[in-house]
Participant: 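Below you will find the structure I want to go over with you.
Because the structure is a prediction, the values reported are computed rather than measured.
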Amino acid sequence: MTDRNLTLRVLDKTYAVCSLSKGEEIPVWALSGDFLSITKTEEELSIVCEEKNVRQGIKYEGNWRILKIEGPLGFSLVGILAKIANIMSENNISIFAISTYDTDYILIKQGNINKSVEVLKKENYNVI
């Protein structure tokens, strides 16, 4: 399987990348929805969730859309995310990437989602 045989799906909802203090508990409001990513480090607690769920007073960057690489992807596949990131970079499109056990998710600002789909299709990616 090559990276051009993969399908990328544009998820329908709008998402937020939230920044919480490292000592905070994972808030209940973040847990609802179809997509949730939680990363906790020594410095912070970051949560990606549906933007409509974010509560007032939370520090966040909103208006993200998600391109999901349809998986599962094997761990032996090399460079898929890097190639897509490079295409986005060449077209001046910022991304925020999240990887899971099965696949990769690429967050792209709402204002660039159509351009992202266009450039990926031009590079012969299947985007739905």
Participant: Would Ile58 end up clustered with Trp64 when hydrophobic side chains under 4.5 Å apart are linked, directly or stepwise?
Facilitator: no
Participant: Between Glu50 and Gly33, what is the shortest heavy-atom contact and its length?
Facilitator: OE2-CA, 3.1 Å
Participant: Could you walk me through whether Leu120 and Leu67 pass side chain to side chain contact (heavy atoms under 4.5 Å, CB included), step by step?
Facilitator: CA-CA 11 Å; Leu120 288 167; Leu67 282 173; 3.7 Å; yes
Participant: To the nearest 0.5 Å, tell me how far Ile98 CD1 sits from Ile38 CD1.
Facilitator: 11.0 Å
Participant: Do Phe96 and Phe35 sit in the same hydrophobic cluster, where Ile, Leu, Val, Met, Phe, Trp and Tyr count as joined when their side-chain heavy atoms come under 4.5 Å apart?
Facilitator: yes
Participant: Which distance, rounded to the nearest 0.5 Å, do you find between the OG of Ser19 and the CD of Glu44?
Facilitator: 5.0 Å
Participant: Walk me through it: do Leu73 and Leu6 pass the test side chain to side chain contact (heavy atoms under 4.5 Å, CB included)?
Facilitator: CA-CA 9 Å; Leu73 304 176; Leu6 298 172; 3.7 Å; yes
Participant: Hydrophobic cluster membership, with links at side-chain heavy-atom distances under 4.5 Å among I/L/V/M/F/W/Y: are Val117 and Ile108 in one?
Facilitator: yes
Participant: Is the shortest side-chain heavy-atom distance between Met88 and Val119 below 4.5 Å?
Facilitator: yes
Participant: Could you tell me the separation between the CD atom of Glu123 and the CD atom of Glu90, rounded to the nearest 0.5 Å?
Facilitator: 7.0 Å
Participant: Taking side chain as C-beta onward, heavy atoms only, is Pro27 less than 4.5 Å from Ile47?
Facilitator: yes
Participant: Would you say the side-chain atoms of Asn53 pair up with the backbone N or O of Ser32, donor to acceptor, closer than 3.5 Å?
Facilitator: yes
Participant: Answer yes or no: are there more than 12 heavy-atom neighbours, outside Lys115 itself, under 6.0 Å from its atom NZ?
Facilitator: yes
Participant: Applying side chain to side chain contact (heavy atoms under 4.5 Å, CB included), can you list everything that pairs with Glu70, at least two apart in sequence or on another chain?
Facilitator: Thr7, Arg9, Lys68
Participant: Would you confirm whether Ser21, through its side chain, and Gly23, through its main-chain N or O, come within 3.5 Å as a donor-acceptor pair?
Facilitator: no
Participant: State whether the side chain of Glu61 and the backbone N or O of Val17 hold a donor-acceptor pair below 3.5 Å, judged by distance alone.
Facilitator: no
Participant: When rounded to the nearest 0.5 angstrom, what distance separates CD1 in Ile26 from SG in Cys49?
Facilitator: 11.5 Å
Participant: Around Leu31, counting heavy atoms of other residues, nucleotides and ligands shown, do more than 12 lie under 6.0 Å from its CG?
Facilitator: yes
Participant: Evaluate the side-chain proximity of Ile95 to Ile84: yes if any heavy-atom separation is below 4.5 Å, no if none is.
Facilitator: no
Participant: Walk me through it: do Tyr15 and Arg65 pass the test side chain to side chain contact (heavy atoms under 4.5 Å, CB included)?
Facilitator: CA-CA 6 Å; Tyr15 297 87; Arg65 295 289 303 279; 5.9 Å; no
Participant: Taking all non-hydrogen atoms of both residues, which atom of Ala30 and which atom of Leu36 are closest, and how far apart?
Facilitator: O-CD1, 3.3 Å
Participant: Measuring from Thr14:OG1 to Leu107:CG, what's the distance to the nearest 0.5 Å?
Facilitator: 11.0 Å
Participant: With a 4.5 Å heavy-atom cut-off, do Tyr105 and Val48 have their side chains touching?
Facilitator: no
Participant: Answer whether the closest heavy-atom distance between the side chains of Cys18 and Trp29 falls below 4.5 Å.
Facilitator: yes
Participant: Among the clusters formed by ILVMFWY side chains lying less than 4.5 Å apart, do Leu11 and Tyr60 turn up in the same one?
Facilitator: no
Participant: What are the two closest non-hydrogen atoms of Asn63 and Glu51, and how far apart are they?
Facilitator: N-OE1, 2.9 Å
Participant: Looking at every heavy atom in both Lys40 and Leu45, which two are closest together, and how far apart are they?
Facilitator: CB-CD1, 4.0 Å
Participant: Ignoring hydrogens and angles, state whether a donor on the side chain of Asn114 or Glu118 is under 3.5 Å from an acceptor on the partner side chain.
Facilitator: no
Participant: I would like to know whether Ile113 and Gln110 meet side chain to side chain contact (heavy atoms under 4.5 Å, CB included); could you show each step before the answer?
Facilitator: CA-CA 5 Å; Ile113 195 69; Gln110 174 68 41; 4.0 Å; yes
Participant: Looking at Lys121 and Ser116, would you say the former's side chain and the latter's main chain have a donor-acceptor pair under 3.5 Å?
Facilitator: no
Participant: Using a 4.5 Å cut-off on heavy atoms from C-beta on, say whether the side chain of Leu81 contacts that of Ile106.
Facilitator: yes
